Amino acid sequence: MLLLDQLKESIDYVRQYSKLRPRVGLTLGSGLSGLVRSVEIDATIPYEKIPHFMPSTVEGHPGNLILGHIEKTPVVILQGRVHYYEGHSMDRVVYPTRVV
């Protein structure tokens with residue numbers, strides 16, 4: 001399957017959960033996952049459910065895609081990520097950012 005087809009499948013899946021069109025995307029690493037307490041959450045989607053996403057395995061990386069608002073700004077948040085040093089290819093590491 002081509003990358004563009006994979007991206008479309010992932011995006012279409014996420015859009016089933018919310019019609020929100022984010023203006024800002026954030027990737028939260030270790031120690032930052034608590035920022036989501038500041039978000040008016042519209043949807044939380046575990047990475048394991050999103051086609052072509054890798055589950056996050058590092059402690060402090062819950063592994064959720066969150067759609068919502070901070071103040072009045074629509075946001076998409078990657079709550080955790082996978083890492084190259086975990087043995088993932090760079091394509092897999094950056095895939096969630098491409099979806100955002």
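Treat the numbers as computed from the prediction; the structure is a model and nothing was measured.
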Engineer: Taking atom CD as the centre, does E71 end up with more than 12 heavy-atom neighbours from other residues, nucleotides or ligands that are less than 6.0 angstrom away?
Structural biologist: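 For E71, atom CD is not crowded (no more than 12 foreign heavy atoms under 6.0 Å).
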
Engineer: With sequence neighbours excluded, give me every salt bridge (Lys or Arg N to Asp or Glu O under 4.0 Å) pair touching residues 6-15.
Structural biologist: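 Output for this query lists K8-D12.
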
Engineer: Enumerate the residue pairs fulfilling salt bridge (Lys or Arg N to Asp or Glu O under 4.0 Å) with a member in residues 34-54, sequence neighbours excluded, ordered by first and then second residue.
Structural biologist: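 Qualifying pairs, neighbours excluded: none.
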
Engineer: Within a strict 4.5 Å, meaning less than it, do heavy atoms of the N64 and V36 side chains meet?
Structural biologist: no

Engineer: Report yes if the side chains of V24 and I70 come closer than 4.5 Å at any heavy-atom pair, otherwise no.
Structural biologist: no

Engineer: When rounded to the nearest 0.5 angstrom, what distance separates CZ in R92 from CE in M54?
Structural biologist: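 It is 7.5 Å, given to the nearest 0.5 Å.
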
Engineer: Run through the side-chain heavy atoms of Ile, Leu, Val, Met, Phe, Trp and Tyr, join any pair under 4.5 Å, and report what else lands in I50's cluster.
Structural biologist: L3, L4, L7, I11, Y13, V14, Y17, L20, I45, Y47, F53, L65, L67, V76, L78, Y95, V99, V100

Engineer: Taking all atoms of both residues into account, what is the closest heavy-atom pair of I66 and Q79, and its distance?
Structural biologist: CD1-OE1, 3.5 Å

Engineer: Got a second to check how far I41's CD1 is from I77's CD1, nearest 0.5 Å?
Structural biologist: 7.5 Å

Engineer: Take atom CZ of R98 as the centre, draw a 6.0 Å sphere, and report whether it contains more than 12 heavy atoms from other residues, nucleotides or ligands.
Structural biologist: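 Count over threshold, so yes.
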
